[in-house]
Amino acid sequence: MLKDQFFLRIPGPTPIPPSVERAMSRPMIGHRDQSMDELISGLIPRLKPLFGTRGAVYVLAGSGTLALETAIVNVTNAEDAVLHLVTGAFGERFYRIALGQGRRAIAHHIEWGQAIDPDDVRRLLREHPDVRAVVATHSETSTGVLNPIADIARIVREHSDALFIVDAVSSLGGTPVEMDAWGVDAVATGSQKALMSPPGLAIVALGERAQKARDHIAAPRFYTDLRQYEKSLAESTVPFTPAVNLLFALDQALELIHSEGLPNVFARHLRMRDMTRAALKALGIPLLADDEVASPTVTAIKPTRFTPKALREAVRREFGVVFAAGQGKIANDIFRIGHMGYMSEADVLQYLAALEVAAKRLDPEISLGAGIRAAMEVALG
Ligand SMILES: Cc1ncc(COP(=O)(O)O)c(C=O)c1O
């Protein structure tokens, strides 16, 4: 194996396109300079279609976790009741953020690997009529489940005045997010996944109702106070020194995303998911999530005839292919493959072939070629 060659196939950070890498080495600009105004005013309108909103989009320097925290502290007050629909490690993360910020967070735990049942949400809203916000994860990166956000949003709107906040860190840019059409009030994401940029940008969108809340909430906040970003945006600028090179990167990534076209980007992610799942099924290696709720950006695999760790170590050692371990309470039970951002069907064929060889070494029953053949059939269409 080449010493410095490896293939990052984890659910974030994801590989960076060469033109995005080059964009980051552009000469530094001052953040009060005209060129920064141009950069910001070019970025925001190209982010909005990814969120499916005509509302407000804000970019902060920080990781996805900061985006989650920013969303919650701008639309709820300390001590407000917030209902968290927890489907995995990232649902738990959001719940802990809300607790940390002094919210009366209520966790509704769903079995890891399952999606939220919208009917449960109807019942929970009846049980907790005072909730100020409902929180869900779109693509639960720890389990590879895509939650039915549109259906949940409809129920939240029909049965309460609560705002609906969604973690779209591993979905946005890889699968449709339609805030306005679905009735989602706030969406939080990060730069390092389907947006094929480096880690370090926290991006938050607020719809109309959430913008009203932002202006009336008394919760203490400073760096994450979106009123300051709103005021600056009116002048196409930012309140604090931004992560300039990351903005250069995102600008170029958005150029690539929009020139491919969003429907094509989403279709590519679905094909990568379907190829991956077809291959594992053909090999007889179990998947954690069912087809109906499978995320287009990440697949969790639960082998039974060898350990996930042995498989990950084997593909890494022999081929330089990097898969991710599980997280939280299922950390040792699964491994995860990220197929989002700067990745294509060609990459999928490559990692599946490596996976198959490694699996064959660990399990002689594996029928070599069965998985890759199933994936090729999906690619053939
Ligand atoms: C769904 C989801 N939410 C939140 C996060 C947290 O983002 P970060 O690690 O950038 O803080 C992640 C990161 O993997 C994620 O996948």
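Keep in mind it's a predicted model, so treat the numbers as computed, not measured. Quick note: residue numbers are just sequence positions, from 1. As the structure lists them, so they are numbered: ligands from 1, and atoms in each ligand from 1.
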Exercise. Is the backbone N or O of Ala310 less than 3.5 Å from a side-chain atom of Thr307, with the two atoms forming a donor-acceptor pair by type?
Worked result: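 Between the backbone of Ala310 and the side chain of Thr307 there is a qualifying donor-acceptor contact (under 3.5 Å).
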Exercise. With a 4.5 Å heavy-atom cut-off, do Tyr342 and Leu8 have their side chains touching?
Worked result: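 SC-SC contact between Tyr342 and Leu8 ruled out.
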For this session: Report the C-alpha distance between Leu287 and Thr299 in whole Å, list the side-chain angles of each, state the deciding distance to 0.1 Å, and finish with yes or no for side-chain contact (heavy atoms from CB on, under 4.5 Å).
Result: CA-CA 8 Å; Leu287 298 159; Thr299 298; 3.7 Å; yes
With the criterion set at N/O pairs under 3.5 Å, what does the list of contacts between the protein and ligand 1 look like, atom names and distances included?
residue, atom, partner, partner atom, Å
ligand 1, 3 (N), Asp167, OD1, 3.3
ligand 1, 3 (N), Asp167, OD2, 2.6
ligand 1, 10 (O), Gly64, N, 2.8
ligand 1, 10 (O), Gln192, NE2, 2.7
ligand 1, 11 (O), Ser63, OG, 2.5
ligand 1, 11 (O), Gly64, N, 3.3
ligand 1, 11 (O), Thr65, N, 2.8
ligand 1, 11 (O), Thr65, OG1, 2.5
ligand 1, 14 (O), Lys193, NZ, 2.4
ligand 1, 16 (O), Thr141, OG1, 2.4
ligand 1, 16 (O), Lys193, NZ, 3.1

Exercise. Is there a path from Val135 to Trp182 through hydrophobic residues (I, L, V, M, F, W, Y) whose side chains come within less than 4.5 Å of each other?
Worked result: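 Hydrophobic grouping puts Val135 with Trp182.
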Exercise. side-chain hydrogen bond (donor to acceptor under 3.5 Å, both in side chains) with Thr237: which of Lys231, His31, Arg32?
Worked result: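 So the option named by the test is Arg32.
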For this session: Identify whether the distance between the nearest side-chain nitrogen and carboxylate oxygen of Asp130 and Arg104 falls below 4.0 Å.
Result: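 Yes.
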